[in-house]
Structures are given as structure tokens and as C-alpha cells.
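Heavy-atom basis, side chains included; hydrogens, waters and symmetry copies ignored.
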Amino acid sequence: MKRVISTDKAPAAIGPYSQAILVNGTLYASGQLGIIPETGEFAEGVTAQTEQAFRNIRAILEAAGLNLSHVIKTTCFLADMGDFAAMNEVYSRQFDGAFPARSAVAVRTLPKNGLVEIEVIAIAD
């Protein structure tokens, strides 16, 4: 059975999609930008946007009764691969123990001209 996951502690979807879908114990989260939910504005710079994207991800995971330890796969989208080291430094501090599998790609542009977007797949224990 499919369950829509939604929280006001992460930015609302800016299109026809859900923040996340939980099905058969697997959570598929939509990509999270570095948008501060209370203001609707981006955090300043790639480091702050990456930190905010992870705050948004944690809020969505918590709404589903999960946390970052449940994440098995991430995909990181960067507007500029020159920002990889800054994103990676923040990313490396988010997980304890084994890191999830990951892809990181540069894209031409991100929604609302963000600098980084991160999506996750998580599995309940």
C-alpha cells in the first residue's frame, strides 16, 4: 500500500509531486533543495544549501518514522561540479557508520536556480 508522506517542516512541493512516498517499507523522497521552509528562501551559498537540504530530508524521514540511518541511496544534483567539495564536506557529516550508495551529477540548472538538490531512498528496519 502506498502512503504519501508530507510535513510542513520541509518546503512544500512546488509542482505536481509529493515530498515522499512510502510503499512496502521503502521511502522514495523527492529531491530537496536548500530552501528554508519558514521563509521559502534559499540558504546562502552551497554549504548552507546542502545543510538545509539535509534538514529538509531529516524532517521528511521523521514524518515517516525514519532517520538518516535508514537511507540506502542518495542522488546529489549540483548546478556546478566546482561545488562538489563543499557539498561533499557537509554530506560526509550527515551519516554515522556505513554511507549509503550515492550518485552525484552536475546539471544545467536546478529548480528556482538552486545550487544543490539531494534525493534519498530509505528502507525501514
Side-chain angles (χ1 to χ4, degrees):
M1 175 173 324
K2 177 170 87 168
R3 186 173 116 209
V4 174
I5 303 298
S6 181
T7 177
D8 61 2
K9 294 180 181 175
I14 56 174
Y17 61 90
S18 300
Q19 288 175 323
I21 298 293
L22 183 64
V23 61
N24 297 328
T26 302
L27 180 93
Y28 301 89
S30 294
Q32 292 300 302
L33 297 164
I35 294 175
I36 302 163
E38 296 81 12
T39 66
E41 300 295 322
F42 279 106
E44 188 66 34
V46 70
T47 296
Q49 285 190 27
T50 304
E51 290 168 344
Q52 185 62 52
F54 272 105
R55 280 192 285 278
N56 298 339
I57 290 165
R58 281 192 298 276
I60 291 167
L61 289 167
E62 288 171 9
L66 304 173
N67 60 52
L68 285 172
S69 72
H70 294 97
V71 173
I72 60 165
K73 173 73 169 80
T74 65
T75 305
C76 302
F77 303 94
L78 295 160
D80 181 349
M81 196 52 85
D83 289 333
F84 179 84
M87 178 280 298
N88 200 50
E89 193 281 321
V90 173
Y91 182 99
S92 70
R93 293 186 272 118
Q94 305 304 310
F95 300 96
D96 292 327
F99 289 102
R102 178 179 82 180
S103 300
V105 297
V107 296
R108 185 170 177 180
T109 55
L110 287 167
K112 301 180 99 179
N113 292 314
L115 301 176
V116 63
E117 180 176 4
I118 301 170
E119 68 179 29
V120 302
I121 299 171
I123 296 187
D125 293 333

List the atom of Leu61, the atom of Leu27, and the distance in Å for their closest heavy-atom pair. CD2-CD2, 3.5 Å

Do Glu119 and Tyr28 have side-chain heavy atoms sitting under 4.5 Å apart? no

In Å, rounded to the nearest 0.5 Å, how long is the span from OG1 of Thr75 to CD1 of Ile121? 6.5 Å

Identify the two heavy atoms, one from Arg3 and one from Ala63, that lie closest to each other, and give their separation to 0.1 Å. NH2-O, 3.8 Å

Would you mind checking if Arg93 and Glu51 are paired as a salt bridge, meaning a charged N to carboxylate O distance below 4.0 Å? yes

Provide the closest heavy-atom pair for Ala29 versus Ala20 in the form atom of the first, atom of the second, distance. CA-CB, 3.8 Å

Indicate yes or no for a side-chain donor-acceptor contact from Gln49 to the backbone of Ala43 under 3.5 Å, with no hydrogens or angles considered. yes

Using the ring of each side chain (for Trp, its six-membered ring), is Tyr91 parallel, tilted or perpendicular to Phe95, with breaks at 30° and 60°? tilted

Tightest non-hydrogen contact, residues Pro111 and Phe42, listed as O-CZ, 3.8 Å

In this structure, would Phe77 and Phe99 fall into the same cluster of hydrophobic residues linked by side-chain contacts under 4.5 Å? no

Taking NZ in Lys9 as the centre, count heavy atoms belonging to other residues, nucleotides or ligands within less than 6.0 Å. Is the count above 12? no

Strictly distance-based, threshold 3.5 Å: is any side-chain N or O of Asp96 a donor or acceptor partner for the main-chain N or O of Ser69? no

I'd like to check the side chain to side chain contact (heavy atoms under 4.5 Å, CB included) partners of Gln94; sequence neighbours left out, ordered by chain and number. Phe54, Arg58, Leu68, Val90

Where is the tightest heavy-atom contact between Ile35 and Asn56, given as atom of each residue plus distance? O-ND2, 3.0 Å

Rounded to the nearest 0.5 Å, how far apart are CD of Glu38 and CG of Asp8? 9.0 Å

Which is it for Val105 and Leu78 under the side chain to side chain contact (heavy atoms under 4.5 Å, CB included) test, yes or no, and what are the steps along the way? CA-CA 6 Å; Val105 297; Leu78 295 160; over 6 Å; no

Does any non-hydrogen side-chain atom of Ile118 lie less than 4.5 Å from one of Gln32? no

Distance in Å, Ile5 CD1 paired with Ile60 CD1, rounded so as to fall on 0.5 Å steps: 9.5 Å

To the nearest 0.5 angstrom, please state how far the CG atom of Asn24 sits from the CE atom of Met1. 10.5 Å

Using every non-hydrogen atom in the two residues, find where Ser103 and Lys73 come nearest and quote the distance to one decimal. OG-NZ, 3.0 Å

Would the number of heavy atoms belonging to other residues, nucleotides or ligands and lying under 6.0 Å from CD of Glu44 be above 12? no

Atom OG1 of Thr74 and atom CD1 of Ile57: how far apart are they, to the nearest 0.5 Å? 8.0 Å

I need the Met87 CE to Asp80 CG distance, nearest 0.5 Å. 11.5 Å

With a 4.5 Å cut-off on side-chain heavy atoms, are Ile14 and Lys112 touching? yes

